[in-house]
Amino acid sequence: MAIEPVEAQERAVRGLVAAGGTGLVSAGTGCGKTLMSLWTIDRTARQEGIEPSDLSILVVAPLRTESGWSRAVGQVWPGGEMAFRRLSRRRRAEREALERLMRGERPTGVSFIGWELLASVSKMKGYDARAGKVKSKATTRVLGSVEFDWVIGDEIHRACNFRTVTSQVLCKVKARHRLALSATPAGGQPVNIFGALKFLWPRKYPGFTRFANSFFTSEPCYFGGPYSVTYGAEKRPGLLSKGHRARGEWQDMRIEDVAGELPPVDIRRVDCAMTVEQRRQYMQLRDKAVAWMDDHPAVVGLPVTRDMRLRQATLGQMRVRPGQGGEDEWFFDACSRSGKITALLDILRDIGDEKVVVYSPSKKFQIPLVAQLKKAGHSCVRVDGEHKEEWTSFLDKDGPQILCAVIPAVAEGVDGLQRVCRHEVWLGLDPSVVRCVQAQGRLHRTGQTGTVVRWLLQCPGTVDTESVIPRLDQRYADLKASGLI
């Protein structure tokens, strides 16, 4: 039996169908963006007199969302008439399907491809006159120049920077209809909504500069050259999306519109004292851009590098060793002392045996975090770039108590945590407001039955409170004012 949309989803689908099946779905985590896009395709195709089984649909999405897309296709077309296939270079059948597509053979059904693979099979080297050097750019025949009935960009903020190869390739995919899905379609800056709009309506939005100067505030950027500018908030919040919303092309909603009111979030800010060595390293990096590690002077040059090292220093005591090319390699070891780990252990004692998700902005900090949690007698499992699937054991009733998650790794395609856990501890915030918002939606979403308790650990008088949090707050406010988050 096919699944049916709830009232808020029904309104969104009707609007998109009325707009011709092309549009932006800017809905929060857990709102059912995947299902809404497929319902839109099904109804629009039937209005055009096309059987869904005859459609050719390309889904460009993060690899972790494949199972969700496969499940959604079965829910919208439960009779099995809609084929679902993955395009990849790993398994023989998936590789052969990709090769047929590259030769120009039009597939039927739903074809799923990851963002990274789409870019890698559709780029070439070419001279960039503006940059004055050879760079990668999109090929002239993306995916064999096949014209799909629909192309769906899931997590469209991955292509929000129109200058990247990923964005260029996506815009060159031929399709009669286009759908873009994301809770944060503009990424971390309001002006980056141009990437999604150019993908959806390339004729309406041909050039970036005129678009940006028309809708967004700007100020000179003294680090980028004499003519460089940085763009801020929308000049008149809501003006850009007003016409699109009136035509049904731009649909946005909150999780509360779909599932009703969720349990509240109890936010608890915890001030953490850095260890003596942490404080020494931090102050030297902040004041002199040089920190002495034993008898070795570790230098940071660029301001952006120093900002990153300062954020790492608030996590724990760092080490340095010689790296390739004469560059210093900064790292944490299993014994790195940390005021935030000390505070985390105190919190765990108060929580007891309940499951906890610990968010870290640094993959390198996973080493001391996991080692010291295990030393204290806690069972834990990791999710990061090197540990991609082990996290599922956390969902078992008798599984590990603690999930140590790197924020970018858990932001997309990780579902089910809300059914087994309601406690989360943040050791720091990611510089991207998009990833922070997505990670916050792992526990606070449909299926959560208890109050989500969120501990935010911060070191007073450091970049935690003086730079990172205020900067993210301002970016969030700019995006919120324009309805982009």
Side-chain angles (χ1 to χ4, degrees), residues 16 21-27 33-38 40-41 55-73 76 82-90 94-95 97-102 104-123 136-139 141-187 192-202 411-413 434 438:
L16 291 167
T22 291
L24 171 66
V25 182
S26 175
K33 295 184 289 292
T34 301
L35 286 168
M36 283 190 282
S37 67
L38 297 180
T40 299
I41 291 172
L55 293 173
S56 181
I57 304 168
L58 179 69
V59 175
V60 186
L63 291 179
R64 279 185 175 170
T65 64
E66 180 194 357
S67 60
W69 276 100
S70 177
R71 182 170 57 252
V73 168
V76 175
M82 182 65 73
F84 181 89
R85 67 178 59 83
R86 176 180 176 179
L87 305 177
S88 77
R89 288 172 168 167
R90 293 184 178 181
E94 297 169 355
R95 184 171 60 252
L98 176 62
E99 291 171 351
R100 289 194 297 271
L101 176 59
M102 298 300 291
E105 297 182 23
R106 182 177 182 269
T108 56
V110 177
S111 300
F112 178 97
I113 189 170
W115 283 102
E116 295 80 4
L117 181 59
L118 174 68
S120 68
V121 300
S122 307
K123 66 181 180 180
S136 294
K137 61 180 182 179
T139 62
R141 296 182 74 251
V142 172
L143 297 182
S145 292
V146 168
E147 183 179 52
F148 298 90
D149 292 300
W150 264 272
V151 59
I152 303 174
D154 187 16
E155 306 294 358
I156 194 64
H157 55 265
R158 288 202 174 197
C160 64
N161 185 347
F162 74 98
R163 293 188 177 91
T164 63
V165 174
T166 299
S167 180
Q168 295 169 12
V169 168
L170 183 67
C171 290
K172 284 192 174 185
V173 176
K174 294 182 178 180
R176 296 192 302 113
H177 308 280
R178 297 166 181 264
L179 289 168
L181 318 178
S182 178
T184 52
N192 283 345
I193 190 61
F194 177 77
L197 299 180
K198 182 176 176 62
F199 160 66
L200 292 170
W201 303 288
E412 298 172 345
V434 175
Q438 289 180 318

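Heavy-atom basis, side chains included; hydrogens, waters and symmetry copies ignored.
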**Request:** Test Leu179 against Ile41 for side chain to side chain contact (heavy atoms under 4.5 Å, CB included), laying out the working first.
**Result:** CA-CA 9 Å; Leu179 289 168; Ile41 291 172; 4.1 Å; yes
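- Within the 4.5 Å cutoff, no side-chain heavy atoms of Leu58 are placed close to those of Val110.
- Exactly one residue among Asp154, Val60, Leu63 makes a side-chain contact (heavy atoms from CB on, under 4.5 Å) with Phe112. That residue is Leu63.
- The SG atom of Cys171 sits 6.0 Å away from atom NZ of Lys198, with the distance rounded to the nearest 0.5 Å.
- The two atoms that bring Cys160 and Gly187 nearest to each other are SG-CA, 4.1 Å, heavy atoms only.
- Remark: side-chain polar atoms of Trp150 are paired, donor with acceptor, to backbone N or O of Gly21 under 3.5 angstrom.
- Pairing each heavy atom of Gly23 with each of Trp201, the nearest pair is CA-CZ2, 4.0 Å.
- Side-chain contact between Glu66 and Arg86: present, with at least one pair of heavy atoms (C-beta onward) separated by less than 4.5 Å.
- Two residues are said to be in side-chain contact when any heavy atoms from C-beta on lie closer than 4.5 Å; Leu143 and Leu118 meet this criterion.
- In this structure, Arg158 and Ser182 have side chains that are not in contact, with every pair of non-hydrogen atoms separated by 4.5 Å or more.
- Between the side chain of Ser122 and the backbone N or O of Ala119, no donor-acceptor pair lies under 3.5 Å.
- Expressed to the nearest 0.5 Å, how far CD1 of Ile152 lies from OG of Ser111 amounts to 11.0 Å.
- In terms of heavy atoms, Lys33 sits closest to Ala27 at NZ-O, 3.2 Å.
- Taking NE2 of His177 as the reference point, atom CG of Leu16 lies at 12.0 Å (rounded to 0.5 Å).
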**CA sep, side-chain torsions, deciding dist, call: Arg176, Glu147, salt bridge (Lys or Arg N to Asp or Glu O under 4.0 Å)** = CA-CA 7 Å; Arg176 296 192 302 113; Glu147 183 179 52; 5.8 Å; no
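- Separating the CG atom in Leu181 from the CD1 atom in Ile156 is a distance of 8.0 Å, to the nearest 0.5 Å.
- In this structure the side chain of Trp115 never reaches within 4.5 angstrom of the side chain of Ser120, judged on heavy atoms.
- Looking at heavy atoms from C-beta onward, Val151 lies in side-chain contact with Phe199 at the 4.5 angstrom threshold.
- Nearest heavy atoms, Gly109 versus Met82: CA-SD, 3.5 Å.
- For the atom pair Leu87 CG and Arg100 CZ, the distance stands at 9.5 Å (nearest 0.5 Å).
- Of all non-hydrogen atoms in Gly144 and Arg141, the two that sit nearest each other are O-NH2, 3.3 Å.
- The backbone N or O of Arg178 sits less than 3.5 Å from a side-chain atom of Thr22, completing a donor-acceptor pair.
- No donor-acceptor pair closer than 3.5 Å links the side chain of Ser70 to the backbone N or O of Ser67.
- Using a cutoff of 4.0 Å between basic side-chain nitrogens and carboxylate oxygens, Glu99 and Arg89 are not scored as salt-bridged.
- Here the straight-line distance linking atom OG1 of Thr108 with atom CZ of Phe148 works out to 11.5 Å at 0.5 Å rounding.
- No side-chain heavy atom of His157 sits less than 4.5 Å from a side-chain heavy atom of Pro185.
- At distances below 3.5 Å, not a single donor-acceptor pair connects side-chain atoms of Thr184 with backbone N or O atoms of Ala186.
- For Pro107 against Val146, the heavy-atom pair with the smallest separation is CD-CG1, 4.4 Å.
- Although no hydrogens or angles enter the test, the distance criterion places no donor-acceptor pair under 3.5 Å between the side chain of Ser167 and the main chain of Thr164.
- Ring pair Phe162/Phe194 is perpendicular by interplanar angle, where above 60° counts as perpendicular and below 30° as parallel.
- Within the 3.5 Å criterion, the main-chain N or O of Ala61 finds no donor-acceptor partner in the side chain of Glu155.
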**Message:** Quick one, Asp149 with Lys174, criterion salt bridge (Lys or Arg N to Asp or Glu O under 4.0 Å). Give me CA distance, side-chain angles, the key distance, then yes/no.
**Reply:** CA-CA 9 Å; Asp149 292 300; Lys174 294 182 178 180; over 6 Å; no
